[in-house]
Q: 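Sharing a structure, written as structure tokens. Questions coming.
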Amino acid sequence: MAASSRAQVLDLYRAMLRESKHFSAYNYRTYAVRRIRDAFRENKNVKDPVEIQTLVNKAKRDLEIIRRQTQKDDLSHY
């Protein structure tokens with residue numbers, strides 16, 4: 001994996017973990033953290049650049065979903 005894509009993947013991993021910690025419900029929060037860690041661990045040995053890019057794009061979409069869900073979760077408390 002190229003250094004730039006490695007840095008991009010690590011940034012994405014950290015952002016997903018950071019955002020998932022904003023779930024107010026403990027079960028959602030722990031499930032999200034566990035799934036993120038498992039998914040990244042499962043794909044850590046992928047070498048094909050095309051597959052890496054596909055996984056990065058999927059993770060970006062998932063990050064946006066997490067952000068929307070945590071924003072919605074924050075708004076429901078008002």
Side-chain angles (χ1 to χ4, degrees):
M1 183 184 318
S4 62
S5 64
R6 179 175 169 76
Q8 179 186 20
V9 168
L10 288 173
D11 287 345
L12 194 52
Y13 176 72
R14 289 184 192 116
M16 291 180 81
L17 287 177
R18 197 175 318 114
E19 288 298 322
S20 66
K21 303 231 183 212
H22 292 128
F23 281 115
S24 61
Y26 173 80
N27 287 339
Y28 287 141
R29 192 169 49 247
T30 56
Y31 176 76
V33 169
R34 187 175 67 244
R35 282 295 300 131
I36 291 163
R37 286 184 178 147
D38 289 349
F40 275 81
R41 202 173 289 132
E42 180 181 314
N43 293 306
K44 75 178 185 178
N45 294 320
V46 174
K47 302 287 184 219
D48 179 25
V50 174
E51 188 174 354
I52 291 171
Q53 193 56 49
T54 302
L55 291 167
V56 166
N57 291 339
K58 182 186 180 323
K60 286 179 180 179
R61 287 191 306 271
D62 291 347
L63 176 58
E64 289 307 313
I65 291 169
I66 292 170
R67 285 184 174 148
R68 281 196 305 269
Q69 286 299 117
T70 56
Q71 286 174 353
K72 184 176 130 184
D73 204 28
D74 289 343
L75 294 175
S76 68
H77 293 300
Y78 294 108

Q: I'd like to know whether Thr30 forms a side-chain contact (heavy atoms from CB on, under 4.5 Å) with Phe23, so could you lay out the CA-CA distance, the side-chain angles of the two residues, the decisive distance to 0.1 Å, and finally the verdict.
A: CA-CA 9 Å; Thr30 56; Phe23 281 115; over 6 Å; no
Q: Without placing hydrogens or testing angles, list every side-chain donor-acceptor pair under 3.5 Å for residues 7-21, not counting sequence neighbours.
A:
{"from": "Ser20", "atom 1": "OG", "to": "Met16", "atom 2": "O", "distance (Å)": "3.2"}
{"from": "Ser20", "atom 1": "OG", "to": "Leu17", "atom 2": "O", "distance (Å)": "2.9"}

Q: Which residues pass the ring pair (Phe, Tyr, Trp, His ring centres under 6.0 Å) test with Tyr31, sequence neighbours left out?
A: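 Not a single residue meets the ring pair (Phe, Tyr, Trp, His ring centres under 6.0 Å) criterion with Tyr31.
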Q: Quick one: list whatever passes side-chain contact (heavy atoms from CB on, under 4.5 Å) with Asn57, sequence neighbours left out.
A: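 For Asn57, the residues satisfying side-chain contact (heavy atoms from CB on, under 4.5 Å) (neighbours in sequence not counted) are Gln53, Arg61.
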Q: Say you draw a straight line from NE2 of His22 to CD of Gln69; how long is it, rounded to the nearest 0.5 Å?
A: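 The CD atom of Gln69 is 14.5 Å from NE2 of His22, to the nearest 0.5 Å.
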Q: For Asp48, check salt bridge (charged side-chain N to carboxylate O under 4.0 Å, His left out) against everything at least two apart and list the hits.
A: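 If we apply the salt bridge (charged side-chain N to carboxylate O under 4.0 Å, His left out) test to Asp48, skipping adjacent residues, there are no hits.
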Q: Suppose we screen for side-chain hydrogen bond (donor to acceptor under 3.5 Å, both in side chains). Which residues come up paired with Arg67, at least two apart in sequence or across chains?
A: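 Here the qualifying residues are Glu64.
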Q: Apply side-chain contact (heavy atoms from CB on, under 4.5 Å) to Asn45 and list each qualifying residue two or more places apart in sequence or on a separate chain.
A: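 So Asn45 forms no side-chain contact (heavy atoms from CB on, under 4.5 Å) with any residue.
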Q: Under 4.5 Å between side-chain heavy atoms, hopping through other hydrophobics if needed: is there a path connecting Leu63 to Val56?
A: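 In one cluster: yes.
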Q: Taking the side chain as C-beta and beyond, is there a heavy-atom pair between Asn43 and Ile52 under 4.5 Å?
A: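 Sidechains of Ile52 and Asn43: no contact.
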Q: Kindly write out the residues that satisfy side-chain hydrogen bond (donor to acceptor under 3.5 Å, both in side chains) with Lys58, not counting sequence neighbours, or none if the list is empty.
A: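 Applying side-chain hydrogen bond (donor to acceptor under 3.5 Å, both in side chains) to Lys58 gives Asp62.
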